[in-house]
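Following this message is one structure expressed as structure tokens.
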Amino acid sequence: MFEEAETGLEADVPANMIKDPDWWRGAVIYQIYPRSFNDTNGDGIGDLNGICERMDYIASLGVDAIWLSPFFTSPMDDFGYDVSNYEDVDPMFGTLADFDRMLAAAHARGLKVIIDLVISHTSDQHPWFVESRSSRDNAKADWFVWADAKPDGTVPTNWLSIFGGPAWEWDSRRCQYYMHNFLTSQPDLNFHNPEVQDAVLGAARFWLDRGVDGFRLDTVNFYFHDKQLRDNPPLSAAEMPSTVDPTNPYGYQDHLYDKTQPENLLFLEKLRALLDKYPGATSVGEIGADGQAVELTASYTEAGKRIHMAYSFDLLTPQHSAPYIRKIVEEMNAGIGSGWASWALSNHDVKRVASRWGEDLDIARFAPLETALCASLRGTPCLYQGEELGLPQADVPFEKLQDPYGIRFWPEYKGRDGCRTPMPWVKDNGNAGFSEAEPWLPVPQDHLALAAFEQDKDENSILNRNRAFYAWRQSHEPLKKGDMVFLDSQDNTLVFTRSHQGETVLCAFNLGTEPATVTLNGLELENLEAPGFSGTLEGATIALQGLDALFARVKS
């Protein structure tokens with residue numbers, strides 16, 4: 001199906017031509033977690049040259065863009081989400097020259113490149129924070145969120161860190177607390193300071209000038225805090241969000257004041273103004289919203305005004321019944337206005353969907369179904385590396401854990417390492433072809449049979465079914481940019497239409513394991529024969545096997 005990419009592509013390969021500035025609407029984005037994708041220097045950790053080496057594989061999937069999790073200079077306390085230099089590559093991953101070569105390799109194959117922009121916080125080793133903490137009157141003293149202790153020495157507010165404990169850490173240099181929404185080594189930037197906004201926009205400009213096609217914005221609603229430092233109110237047990245693990249006290253609060261502040265909208269307008277200077281550049285925000293996903297996605301992605309698209313965690317939870325999915329998507333469609341959503345069923349922060357939704361199901365049927373479902377919703381789908389192979393969640397033993405989040409909440413919550421294990425390329429190699437050295441996380445034995453090069457040989461494999469579906473989808477514009485309307489059907493099925501410029505495609509999914517039929521009186525349908533699915537049409541009646549789908553043109 002594909003050949004391995006050459007790693008010596010010249011950096012002067014012509015940049016992507018922007019024929020459609022709205023290319024991102026409905027484009028398939030492939031998320032790469034660089035640490036775990038492909039290691040070429042034998043240190044057990046993936047690198048940029050490894051991505052370059054596998055660029056033909058990525059292009060063979062039929063995706064439109066890649067999103068790279070952080071590769072910036074970092075002490076790696078949170079594996080790159082603690083940045084100590086926004087304008088360089090950590091030596092673990094390579095050099096700026098390696099990045100340029102990788103970018104050129106992607107562009108030569110028609111792939112856009114989106115990179116993580118982690119600007120709500122930095123590493124405590126970033127020079128900005130080193131200077132800020134040195135005194136109360138230095139040039140960057142107000143670049144981070146500092147506050148005095150209460151009269152009894154306790155923390156300024158009741159705000160909590162997502163990674164456990166208070167969101168405040170005492171600093172003996174300034175005899176003040178600083179705020180951290182995540183690890184204590186990830187201090188929050190003070191976006192109320194215009195100099196901070198200018199500095200992070202400067203980092204964005206650095207990469208745009210280098211040729212990247214946009215940004216995935218980590219924790220995009222966490223940029224600002226309440227200047228009055230008001231306490232968050234509590235939530236009742238019934239009000240606790242399903243997007244927070246029940247073992248984490250973070251879910252006990254209504255986060256009114258530590259994130260999602262109104263000032264954020266004005267900053268996002270500044271960011272959009274910068275992006276608009278680079279034709280075709282796009283942005284996708286990660287919203288941790290606790291029940292406000294629709295409202296925030298609508299306001300954050302208002303067309304032409306702020307960021308281009310955003311995703312929440314509502315389809316990254318254990319809930320996955322057909323009525324639940326319909327509720328989440330229908331509410332988004334009804335409330336988003338001129339904005340645009342992005343949908344993901346797996347990523348580097350959550351249990352893989354093959355285990356979270358597909359446990360005890362026939363993975364060979366479930367994996368292509370969930371991929372097709374995500375790619376058929378109104379919005380832009382994100383596919384996480386290994387999802388195209390149907391990889392299940394890895395069970396990483398405690399002694400092998402790397403994730404501080406998992407180590408803190410073990411054993412009830414095992415953290416994020418189980419979805420971050422190395423990408424399996426071959427089955428007859430102890431490290432699955434990922435590295436010649438012992439990988440930073442172990443390769444699960446049950447991933448070997450699902451290895452990419454092994455599946456490549458089988459035209460009926462999960463990988464090749466996903467490839468075929470994405471290739472077929474490219475010729476059906478309604479599935480990329482069309483409006484969406486749900487039709488009523490029985491509990492285990494989802495039926496909806498996507499309509500664009502006079503063409504309507506009907507999508508029917510059976511999420512159950514038993515056969516199902518759906519009758520749609522008044523519609524004249526023509527089976528579009530989507531590859532990999534066996535749904536049939538007889539008049540207005542759709543017949544679906546368990547874990548099956550059908551796509552049809554609506555003729556009237």
Side-chain angles (χ1 to χ4, degrees), residues 72-86 118-203 218-219 221-234 248-250 252-264 267 288 404-405 407-409:
F72 314 109
T73 310
S74 167
M76 299 294 162
D77 289 353
D78 192 25
F79 304 106
Y81 284 91
D82 50 322
V83 180
S84 57
N85 185 346
Y86 285 109
V118 188
I119 54 176
S120 72
H121 53 268
T122 71
S123 164
D124 62 358
Q125 296 183 32
H126 196 293
W128 298 347
F129 186 71
V130 172
E131 182 175 355
S132 184
R133 78 188 317 180
S134 66
S135 69
R136 295 194 185 194
D137 58 2
N138 64 80
K140 292 184 173 58
D142 194 34
W143 277 43
F144 292 82
V145 184
W146 294 96
D148 292 330
K150 289 182 176 179
D152 62 358
T154 55
V155 294
T157 70
N158 70 345
W159 301 347
L160 295 172
S161 162
I162 292 176
F163 287 175
W168 297 98
E169 180 71 6
W170 180 254
D171 184 80
S172 59
R173 298 162 184 81
R174 291 179 50 143
C175 288
Q176 284 182 307
Y177 285 98
Y178 66 84
M179 181 186 173
H180 60 92
N181 272 301
F182 301 95
L183 295 174
T184 58
S185 58
Q186 292 172 294
D188 273 59
L189 283 161
N190 178 20
F191 272 75
H192 292 289
N193 185 334
E195 292 180 352
V196 169
Q197 296 184 34
D198 290 344
V200 297
L201 290 173
D218 187 62
T219 59
N221 60 312
F222 281 65
Y223 296 163
F224 284 83
H225 66 286
D226 175 47
K227 290 184 76 171
Q228 298 180 49
L229 298 181
R230 288 171 282 188
D231 282 349
N232 287 328
N248 191 341
Y250 189 82
Y252 293 12
Q253 292 185 358
D254 186 1
H255 293 273
L256 292 181
Y257 299 117
D258 52 350
K259 62 182 181 181
T260 319
Q261 300 304 293
E263 297 94 333
N264 211 30
F267 171 74
Y405 194 4
I407 293 169
R408 177 72 182 267
F409 286 96

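Hydrogens, waters and symmetry mates play no part in the numbers below; they use all other heavy atoms, side chains included.
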Whether Tyr86 and His126 hold their rings parallel, tilted or perpendicular, with breakpoints at 30° and 60°: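 Ring orientation of Tyr86 relative to His126: tilted.
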Student check: side-chain heavy atoms of Leu189 and Phe144 closer than 4.5 Å: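 SC-SC contact between Leu189 and Phe144 confirmed.
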Anything under 3.5 Å between a donor and an acceptor, one on a side chain of residues 195-203, the other on a protein residue two or more places apart or in another chain? List them.
unit_1, atom_1, unit_2, atom_2, d
Glu195, OE1, Trp143, NE1, 3.0
Gln197, OE1, Lys270, NZ, 3.1
Gln197, NE2, Phe191, O, 2.8

Minimum heavy-atom separation for Phe409 to Gly164, with atom names?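 For Phe409 and Gly164, the tightest heavy-atom pair comes out as CZ-CA, 3.9 Å.
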Atom pair CH2 (Trp170) and CD (Gln176), whose distance is rounded to the nearest 0.5 Å: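 Reported value, rounded in 0.5 Å steps: 7.5 Å.
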Side chain of Asn158, backbone of Asp231: donor and acceptor closer than 3.5 Å?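 Checked: no pair found.
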Roughly how far, to the nearest 0.5 Å, is CE of Met76 from OG of Ser123?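 Going from OG on Ser123 over to CE on Met76, the span is 10.0 Å.
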Is there a side-chain contact between Pro404 and Leu183 (heavy atoms, below 4.5 Å)?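 Contact flag for Pro404/Leu183 side chains = yes.
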For Gly288, does its backbone N or O pair with a side-chain atom of Asn221 as donor and acceptor, under 3.5 Å?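 Looks like yes, one N/O pair under 3.5 Å.
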Within the 4.5 Å heavy-atom criterion, are Asp188 and His225 side-chain neighbours or not?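 No; the side chains remain at least 4.5 Å from each other.
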Using the side chain to side chain donor-acceptor pair (under 3.5 Å) rule, pick out the option among Tyr257, Trp168, Tyr177 that qualifies with Thr157.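 Passing option: Trp168.
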Check the side chains of Asn232 and Asp258 for a donor-acceptor pair under 3.5 angstrom, ignoring hydrogens and angles.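 Looking only at side-chain atoms, Asn232 and Asp258 do form a donor-acceptor pair, the distance falling under 3.5 Å.
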Donor-acceptor contact present, side-chain Asp171 to main-chain Arg174, <3.5 Å: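 Answer holds: yes.
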Minimal non-hydrogen separation, Asp82 against Ser74, with atom names: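 Residues Asp82 and Ser74, closest heavy atoms: O-OG, 2.6 Å.
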Would a 4.5 Å heavy-atom cut-off, applied to side chains only, mark Tyr223 and Phe267 as touching?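 Result yes, sub-4.5 Å side-chain heavy-atom pair found.
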Quick one: does Asn190's side chain have a donor or acceptor within less than 3.5 Å of a partner on Val145's backbone?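 Not at all, since once roles are kept as given, no pair shorter than 3.5 Å links the two residues.
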In terms of side-chain heavy atoms, does Asn248 have a donor or acceptor partner in Tyr405 at a distance below 3.5 Å?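 Their side chains do contain a donor-acceptor pair, which is all the 3.5 Å distance test asks for.
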Distance-minimising heavy-atom pair for Asp148 and Pro156: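 The pair with the smallest heavy-atom distance is O-CG, 3.4 Å.
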CH2/Trp159 to CG/Asn181 distance, rounded to the nearest 0.5 angstrom?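 Nearest 0.5 Å value for the CH2-CG distance: 8.5 Å.
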Looking at CZ of Arg173 and OG of Ser135, how far apart are the two atoms once the value is rounded to the nearest 0.5 Å?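 It is 11.5 Å, given to the nearest 0.5 Å.
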So, Thr73 side chain and Ser84 main chain: donor-acceptor pair closer than 3.5 Å or not?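 Answer holds: no.
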Roughly how far, to the nearest 0.5 Å, is CD of Glu263 from NE2 of His192?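 Reported value, rounded in 0.5 Å steps: 5.0 Å.
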Contacts of type side chain to side chain donor-acceptor pair (under 3.5 Å), residue Arg230, not counting sequence neighbours: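 For Arg230 the side chain to side chain donor-acceptor pair (under 3.5 Å) partners, ignoring immediate neighbours, are Asp226.
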Which heavy atom of Asp124 sits nearest to which heavy atom of Val130, and what is that distance?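 Minimum heavy-atom contact is O-CG2, 3.9 Å.
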Just wondering, do Asp78 and Gln186 contact through their side chains at under 4.5 Å, heavy atoms?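 Yes, at least one pair of side-chain atoms sits under 4.5 Å.
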Side-chain donor/acceptor of Arg136 to backbone N/O of Cys175, under 3.5 Å: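 Side chain of Arg136 to backbone of Cys175, a donor-acceptor pair under 3.5 Å: yes, one is there.
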Rounded distance (nearest 0.5 Å) linking atom CD of Glu131 with atom NZ of Lys140: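 If I round to the nearest 0.5 Å, the distance is 4.5 Å.
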Under 3.5 Å side-chain donor-acceptor pair for Ser185 and Asp77: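 On atom types as modelled, these side chains qualify, holding a pair under 3.5 Å.
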Would you say the side chain of Ser161 lies within less than 4.5 Å of the side chain of Phe163, judging by non-hydrogen atoms?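 Side-chain contact under 4.5 Å: yes.
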Test item: His121 side-chain N/O and Met179 main-chain N/O as donor-acceptor pair under 3.5 Å: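 Side chain of His121 to backbone of Met179, a donor-acceptor pair under 3.5 Å: no, none is there.
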